[in-house]
Asker: 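One structure, as structure tokens, below. Some questions next.
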Amino acid sequence: MIGRTNGRPISITGLGCHVPERILSNDELATLVDTNDEWIVERTGIRERRIARDDEALTDIALPACRRALAMAGVEPSTIDLVIVATVTPDMAFPSASALLADELGMPDAAAYDLSAGCTGFVYAIAQAHAMLAAGLARRALVVGGDVLSKILDWHDRSTLVLFGDGAGAVVIDRVDDGGFLGFELGADGGGGANLWLPGSGSRRFEDPDKFVKMNGREVFKFATRVMVSSAEAILDECGLSIEDVDVYVPHQANVRIIDHAVRKLGVPAGRTVVNVDRYGNTSSGSIPLALADAADDGRLESGKLVLLTGMGAGLTWGSALIRWTHDTTGALA
Ligand SMILES: CC(C)(COP(=O)(O)OP(=O)(O)OC[C@H]1O[C@@H](n2cnc3c(N)ncnc32)[C@H](O)[C@@H]1OP(=O)(O)O)[C@@H](O)C(=O)NCCC(=O)NCCS
């Protein structure tokens, strides 16, 4: 799916993020599985990640992010009429995380549903919210991207354990006078799905004792390096823009080698790429909002800047969004 937006401008008017307190370093991981800091840093760029407490679920991490996003946008929770949560680790299959959050936040008029698109979830969800507002079905949306992957990792499997962390971000999506979303490109390849999957989690193999993430790292790496480039090129072309026009490039934070490859192939000018995978690891749907929060705090995400988001992940899925930034979003981390 690819398209340029038309009609009334719609944008991100508030941003909030939250990560668990507990920091897990590479050295600590090396006491759990056969790995070491040098290997992890060289192959992934990750130095540490945040890990949820036993009693912390997705909505616990997402709630402070939502409150921060709403406060930044300066809107009452009750004025939100659409909540979409992009996650593969909701508190439970149902009720949805979005319905639980809408209730907790006080949004009685909101439609609320979860969306499953792996690490691309946040990009899918902002496209959905944009479409609902553009069609006149919703007035104001709250979109959350977040995951607690630590709960579904095999803590004996070094091939996945070193990569992931927990975190969440939320944005308020609203009508604006000018700027905002310019276009989206989204795609999926279920044929490659078994390269990154959770076998015992649904109606096919629910009884399967295997309740942990399984991954073919090399295949996912090949897929990622391909789509991170093709998706970004496609949306730039669709919108009649070039990579030199992009002020802030926010790639999904999976692995610094994947990011470096995309930067090289796309020709992203120096100093325009946001990287924080070293501090958070891959937080799945939380990764892009967390990177946006960093860019804002670095003073890079000013009003008028052209922002390119590109994600990829389980599904396999990928997606890009181009946004003419409209609002000051500094201080998003709650
Ligand atoms: C997982 C990943 C980091 C592995 O890096 P790689 O360079 O492909 O490494 P390989 O799998 O080829 O393994 C190289 C060696 O390191 C070893 N190794 C694997 N994981 C290790 C770990 N955590 N610590 C130490 N050694 C490890 C392997 O056993 C192998 O040893 P060998 O050469 O003796 O056989 C990389 O494939 C990757 O990032 N893939 C994409 C994953 C991803 O981003 N998933 C989420 C998408 S949203």
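Start at 1 and go down the list; that is how both ligands and their atoms are numbered. Every heavy atom of this structure was used, including side-chain atoms; hydrogens, water molecules and symmetry mates were not. Along the sequence shown, residues carry numbers from 1.
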Asker: How close does the nearest protein non-hydrogen atom get to atom 45 (N) of ligand 1, and which residue and atom is it?
Answerer: Met215 SD, 3.3 Å
Asker: Nearest to atom 7 (O) of ligand 1, what protein heavy atom do you find, and at what distance?
Answerer: Arg43 NH1, 2.7 Å
Asker: What is the nearest protein non-hydrogen atom to atom 48 (S) of ligand 1, stated with its residue, atom name and distance?
Answerer: Cys119 SG, 3.2 Å
Asker: Looking only at protein heavy atoms, identify the closest one to atom 40 (N) of ligand 1 and say how far it is in Å.
Answerer: Gly217 O, 2.9 Å
Asker: Would Val148 and Glu56 count as a side-chain contact (heavy atoms from CB on, under 4.5 Å) here? Give the steps.
Answerer: CA-CA 9 Å; Val148 200; Glu56 242 174 345; over 6 Å; no
Asker: Please tell me if atom 23 (N) of ligand 1 is touched by the protein, where touching means a protein heavy-atom distance below 4.0 Å.
Answerer: yes
Asker: Would you mind listing which atoms of ligand 1 come within a distance below 4.0 Å of any non-hydrogen atom of Asn255?
Answerer: 3 (C), 38 (C), 39 (O)
Asker: Is it true that Ile2 and Phe181 fall in one hydrophobic cluster, defined by side-chain heavy atoms closer than 4.5 Å?
Answerer: no
Asker: Looking at atom 29 (O) of ligand 1, what's its closest protein heavy atom, distance included?
Answerer: Arg158 NH2, 2.9 Å
Asker: Can you tell me the protein heavy atom closest to atom 43 (C) of ligand 1 and the distance?
Answerer: Val220 CG1, 3.8 Å
Asker: So how far is it from Glu219 CD to Asn195 CG, rounded to the nearest 0.5 Å?
Answerer: 5.5 Å
Asker: Which ligand 1 atoms does Ala254 reach within 4.0 Å, using its non-hydrogen atoms?
Answerer: 44 (O)
Asker: Where the side chain of Ser231 meets the backbone of Met228, is there a donor-acceptor pair that is under 3.5 Å apart?
Answerer: no
Asker: Using a 4.0 Å heavy-atom threshold (strictly under), name the region of Thr35 that reaches ligand 1: side chain, backbone, both or neither.
Answerer: both
Asker: Of Thr310, Asn282, Thr120, which meets side-chain hydrogen bond (donor to acceptor under 3.5 Å, both in side chains) against His252?
Answerer: Asn282
Asker: Once side-chain contact (heavy atoms from CB on, under 4.5 Å) is applied, do any residues pair with Cys17, and if so which ones, sequence neighbours excluded?
Answerer: Leu15, Pro289, Leu290, Ala293, Leu333
Asker: Atoms of ligand 1 less than 4.0 Å from Val162 heavy atoms?
Answerer: 23 (N)
Asker: Tell me: protein heavy atom nearest atom 5 (O) of ligand 1, and distance?
Answerer: Arg257 NH1, 3.8 Å
Asker: Show the atoms of ligand 1 that are less than 4.0 angstrom away from any heavy atom in Gly313.
Answerer: 48 (S)
Asker: Kindly write out the residues that satisfy salt bridge (Lys or Arg N to Asp or Glu O under 4.0 Å) with Asp178, not counting sequence neighbours, or none if the list is empty.
Answerer: none
Asker: Report yes or no: does Lys211 contribute a side-chain atom to a donor-acceptor pair with the main-chain N or O of Asp154 at less than 3.5 Å?
Answerer: no
Asker: Do you know which two heavy atoms are closest between Ala112 and Ser96, and how far apart they sit?
Answerer: O-OG, 4.2 Å
Asker: Under a 3.5 Å distance rule, please check whether Ser11 uses its side chain to pair with a backbone N or O of Thr13 as donor and acceptor.
Answerer: no
Asker: Applying a 4.0 Å heavy-atom criterion (strictly less than), which segment of Asn282 is in contact with ligand 1: side chain, backbone, both, or neither?
Answerer: side chain
Asker: Using protein heavy atoms only, decide if any is under 4.0 Å from atom 32 (P) of ligand 1.
Answerer: no
Asker: Passes side-chain contact (heavy atoms from CB on, under 4.5 Å), Tyr280 versus Val19? Steps please.
Answerer: CA-CA 9 Å; Tyr280 296 125; Val19 290; 3.8 Å; yes
Asker: Within a distance of under 4.0 Å, is there any protein heavy atom near atom 38 (C) of ligand 1?
Answerer: yes
Asker: Which of parallel (below 30°), tilted (30 to 60°) and perpendicular (above 60°) describes Phe184 and His130?
Answerer: tilted
Asker: Is Arg218 close to ligand 1, meaning an N/O of one under 3.5 Å from an N/O of the other?
Answerer: yes
Asker: Are any non-hydrogen protein atoms located under 4.0 Å from atom 18 (N) of ligand 1?
Answerer: yes
Asker: If you measure every N or O of Ser159 against every N or O of ligand 1, does any of those distances drop under 3.5 Å?
Answerer: no
Asker: Quick one: nearest non-hydrogen protein atom to atom 36 (C) of ligand 1, plus distance?
Answerer: Phe221 CD1, 4.1 Å
Asker: Can a salt bridge be assigned to the pair Arg47 and Asp278 using a cut-off of 4.0 Å between side-chain N and carboxylate O?
Answerer: no
Asker: With a heavy-atom distance limit of 4.0 Å, tell me whether Trp39 approaches ligand 1 through its side chain, its backbone, both, or neither.
Answerer: side chain
